[in-house]
Amino acid sequence: MPGGRVLVCAVGGDRTWAEWVRAVLRELGYAAERQNWRFVAGEDLDRHRDALLAGGDRIVLIYSPLSVRSPYYSGGWAQRLLQDPAGRERTLVVQVDGASAPVPVDSTIRRSDSHAEALAGLAAGLSRRDWPHEELPGPDTVGAAYPGRGPGVNNLPPRNPDFTGRIASLDTMADWLLRDGPQVGGCVLLGMSGVGKSQTALEYAHRYRCHYDLVWRVIAEEPSTISSDLTSLAHQLGVLDTESPQAMLVGLRQKLAELDRWLVIFDNAVDRDVLHRYWPGEDGHVLITSNRNLGWRNLALRELRLDVLDAEDSVTFLRKRFDWRAEAETESEIRAIARELGHLPLALDQAAGYVASTRCSLHEYLELLRRRLPEMLAVDVDESRREQSTTIAATLGLALGHVREHSPAAEQLLVACSFLAPDGIPRSLFSDNASAFSTSLGAVAADPLAYGRVVEVLRRYSLLDVDEHTLTVHRLVQTVARDRMEHERPDEFRSLAAEVIRVVAALFPADPLDVRAYPECTRWLPHAMAVRHFHHFGVAQGELASLLLRCGAHLAEGQQERQALDLLDRAHRMLGDKPTTALAELLTASGQAHFGLAELPDARDRTERALQIMTDLHGGDSFEALNPLLRLTGIVMEQADLDGAHGLATRALSVALATQGDGTPLVWKAQLGLGTVNWRQGRITKALDLYVSALATIEVDDLEGASAAHAHELVAMVALELGAVNVARRHQEKARDLLVRRFGHRSMAVARNRVGLARIMLHDGQSREAEAEAVEGVEGLERWQADHPNTATGFNVLGDVLRALGRTGEAMSLHRRAWEIFTRTYGPDHPYNAEALRRLGEDHYQAGQFPEAEEALEAALRILVERYGVDYPRAAPALLDLAALSRAQGRAEQADRLSERAGRLRELARRR
């Protein structure tokens, strides 16, 4: 017995060859296993080669026409394996079906070889590579079907060499149909048009052809084609009486019953009852493809639904089809094409055919897709390698035609969905707003029973997916549905587009500060972002501007400032500069977006203009003036004008109390703003009172979101300054929970919270834990915007942690980066610069660099005194640092004076 482990390697389409080789080797005494890796774009192919060499004593490499087409097999890791001397020494290369291998072949097996000839060919290769083996097993003793054996009767088209993916689906089909042998069995492949049902059925037939004596494909779209194709099969089997369908079927069923194994494929079936009349018999397998959900289980069939390809399989397919081009084409362009086409197989095939026919670059094709998608979906390419050239537009158009014949309201619902984002369309959108639709869709949506029937029509034709709460429509279905109605019934199309836009616009609250609406706004935002592209269809400019304004305000609140500004600028062009409430709201939202980007001059300019408009239109103490007042408070405070900010904050709180009443959201927002101004001014007790009052309202109302999280973070900040570390940590962690629910783990708000928590941990003596938290926070901030002041604050805290761990050089580098960001953003004399300079001074002091430390600390103190005067309480830390430095240099008298001055400032802060 030879013994030893062998890994048999092949692409998925050659699974039956791999199983046969494995079975033969096992008969010869080898511990043979089939290698099951799935290669995708971007993988480390050398790592796979090394793993293969480490995992098996010997290797069998199967080369077939399919493997040669694989960009990751023959052109990837297999080539690397054979170029490795150790790999080539241990590898047996088996060529099947006349494939051209890149290295000398050890064993050749032709499709025409008998089973005995194939065994002899494999044995010759074993001998050539000096693999010990005893007498070969006979064909009847090999525990796997011989792949060279095929059905004696078949009408299959040639195998598609570019078929990609569907591994799990093909395995499931094989399990269902082959597990119990050739007894009665069948399954239905379901899915939208163009998803690849026919190609998957044909791949199954080719891949497992050795398990059948007969494989016959029947075009099942019409009774006439079913009858014709089955009559052809009857002739092949020698049925003499085919004059009538009944006689033909009787004879055909008798002939099929004489065979051990047969498979009939009914392709593109549209009528279950018609198919049942032509059922071929009870002793074989039936495989059906259909885009219609017709209750196939009533025929005792299992249903298998196909979705679009996953992203990696889409890329692999396109790489196979683009094999003529040079490496200059980037993987990113291939991925972008796959995304634009929604990973729909027929669309990918159509794209590859167009590129191959026109020899355009992938970049040029991608631009055409983005600018002229409906036209590109209708382009027919003669060089397509499929047996019939069918475009996405034609294929989906056929299904849409059937839908309109069955139910015009169903088509209207599909087109209405096509204006929205493809995923997560709430079913209630149309039923809750039925009165907004003037077409038959309105009447149907108002009736739950009729609405359910219309949804079922679209589901039956696989044009949308449905669950209890949402509808999902593929983006190419959306494109074709829109384009079809726009060209055939433009008036109906424009009316429907305008109605959808109005409905979506009404879902957003007029008040962008309404925190209770944040979760619902987030839910609707993708649909609003989609529907805005159709503004030219009968919608008044003011209506669309309102939608853009509300979306922009929500994006600005959600830390997506650049996207917000894009929408708000478009809305501004529609509204013009006439002073209106809408313009003031837009300017306020725009100011908030600029504020989030630390573009303070632009933020202040827009917000002051908004406040002036609201004051002129409604009065300075009106509710309408409150939003810009609150926003302007934060901007002015960030510009270090604390007296100006205090006046604005006091006025905002007064207006909120007068117009809203105590305990309302805008009142506690004003309390938080005024509290922060007081904290910046060193009035810690007053700040804490305002924060606690605001937080009490938040907790009573059980509010969640960014504002509630901000309140907890502010309380944590003050608690830490007062030495209540445990209280600070509790509030900081509560804030994180709220922020994660609002924005997700990878958001800038959560990253900023991590930095704050690291600062608390450092004060609690947990330097190592603080380092991990600060590093993760800073990395998150850098992902969002590397040069933002929030990131600079993260650098400051991480630098403090590293200095506490004795890594002064790293700390100094981070503090210097923070100082540079603050200088670029705010100028050299902003108080934030003083904080960074003070930290740099502490770094130099710890490093024993006293002159540099003194220079940095004095510069920090000078900024604070010149900005706020000699009695500014927050100058105390810089004074204490200078005192320590003076004492270390032997200047005790000067140190005492500085310490005494710092003490007075701290006492002043306590009295305030």
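All residue numbers in this chain count up from 1 along the given sequence.
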Arg321 and Asp349: CA distance, side-chain angles, deciding distance, side-chain contact (heavy atoms from CB on, under 4.5 Å) verdict = CA-CA 8 Å; Arg321 295 297 307 274; Asp349 187 65; 2.4 Å; yes

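- At least one donor-acceptor pair under 3.5 Å links the side chain of Ser418 to the backbone N or O of Val415.
- Ring pair Trp279/His276 is tilted by interplanar angle, where 30° to 60° counts as tilted.
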Derivation and outcome, salt bridge (Lys or Arg N to Asp or Glu O under 4.0 Å), residues Arg217 and Asp267 = CA-CA 7 Å; Arg217 183 194 188 193; Asp267 201 10; 2.7 Å; yes

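- Of all heavy-atom pairs between Leu189 and Met173, the closest is CD2-SD, 3.8 Å.
- No salt bridge links Glu258 with Arg253; every basic N to acidic carboxylate O contact stays at or beyond 4.0 Å.
- Using modelled atom types, no side-chain atom of His285 and backbone atom of Arg261 make a donor-acceptor pair closer than 3.5 Å.
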Stepwise side-chain contact (heavy atoms from CB on, under 4.5 Å) check, Asn154 with Leu214 = CA-CA 6 Å; Asn154 80 86; Leu214 177 150; over 6 Å; no

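- Using a distance-only test at 3.5 Å, with no hydrogens or angles considered, a donor-acceptor pair links the side chain of Gln350 to the main chain of Ile392.
- For Val480 against Gly397, the heavy-atom pair with the smallest separation is CG1-N, 4.2 Å.
- A donor-acceptor contact closer than 3.5 angstrom is absent between the side chains of Glu492 and Thr439.
- With a 4.5 Å cut-off on side-chain heavy atoms, Arg453 and Val457 do not count as touching.
- Between Phe430 and Ala445, the shortest heavy-atom contact is O-CB, 3.5 Å.
- At distances below 3.5 Å, at least one donor-acceptor pair connects side-chain atoms of Asp229 with backbone N or O atoms of Ile219.
- We find that Glu486 and Arg482 are not joined by a salt bridge, their nearest charged nitrogen and carboxylate oxygen being 4.0 Å or further apart.
- Residues His406 and Tyr461 have side chains that never bring a donor and an acceptor to within less than 3.5 angstrom of each other.
- Checked against a 6.0 Å centroid threshold, the rings of Phe419 and Phe493 count as neighbours.
- Across all their heavy atoms, Val454 and Ala410 have their closest contact at CG1-CA, 3.4 Å.
- When each of Val403, Val477, Leu441 is paired with Leu414, the side-chain contact (heavy atoms from CB on, under 4.5 Å) condition holds for Val477 and for no other.
- Although no hydrogens or angles enter the test, the distance criterion places no donor-acceptor pair under 3.5 Å between the side chain of Lys197 and the main chain of Leu306.
- Between the Ser169 side chain and the Arg166 main chain, no donor and acceptor come within less than 3.5 Å of each other.
- Using modelled atom types, no side-chain atom of Arg484 and backbone atom of Leu396 make a donor-acceptor pair closer than 3.5 Å.
- Within a 6.0 Å radius of CZ in Arg370, more than 12 heavy atoms belonging to other residues, nucleotides or ligands are found.
- A donor-acceptor pair is defined here as one N or O able to donate and one able to accept, closer than 3.5 Å; such a pair exists between the side chain of Arg149 and the backbone of Cys210.
- Using a 4.5 Å heavy-atom cutoff, the side chains of Leu344 and Met192 are in contact.
- Interatomic distance, Phe266 CZ to Leu287 CG, rounded to the nearest 0.5 Å: 10.5 Å.
- Using a cut-off of 4.0 Å between Lys/Arg side-chain N and Asp/Glu carboxylate O, Glu456 and Arg459 are scored as salt-bridged.
- The side-chain contact (heavy atoms from CB on, under 4.5 Å) test with Ile337 singles out one residue from Val355, Leu318, Val315, and that residue is Leu318.
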Quick one: do Arg494 and Arg489 satisfy side-chain contact (heavy atoms from CB on, under 4.5 Å)? Show the steps, please.
-> CA-CA 9 Å; Arg494 284 192 293 270; Arg489 298 181 304 284; over 6 Å; no

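- Heavy atoms only, all atoms of each residue included: Tyr451 and Leu471 are closest at OH-CD1, 4.2 Å.
- In this structure, Lys255 and Leu237 approach most closely via the heavy-atom pair CE-O, 3.3 Å.
- Checking side-chain atoms of Thr164 against main-chain N and O of Asp313 turns up no donor-acceptor pair under 3.5 Å.
- The side-chain heavy atoms of Val264 and Pro280, taken from C-beta on, include a pair separated by under 4.5 Å.
- Ring centroids of Tyr212 and Tyr208 are separated by 6.0 Å or more, keeping the two rings apart.
- For the pair His527 and Pro426, the minimum side-chain heavy-atom distance is below 4.5 Å.
- Residues Tyr354 and Leu368 have side chains in contact (heavy-atom distance under 4.5 Å, counting atoms from C-beta outward).
- No side-chain donor-acceptor contact under 3.5 Å links Arg404 to the backbone of Glu411.
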Could you walk me through whether Val218 and Tyr278 pass the side-chain contact (heavy atoms from CB on, under 4.5 Å) check?
-> CA-CA 11 Å; Val218 177; Tyr278 286 95; over 6 Å; no

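- For the pair His469 and Arg427, the minimum side-chain heavy-atom distance is 4.5 Å or more.
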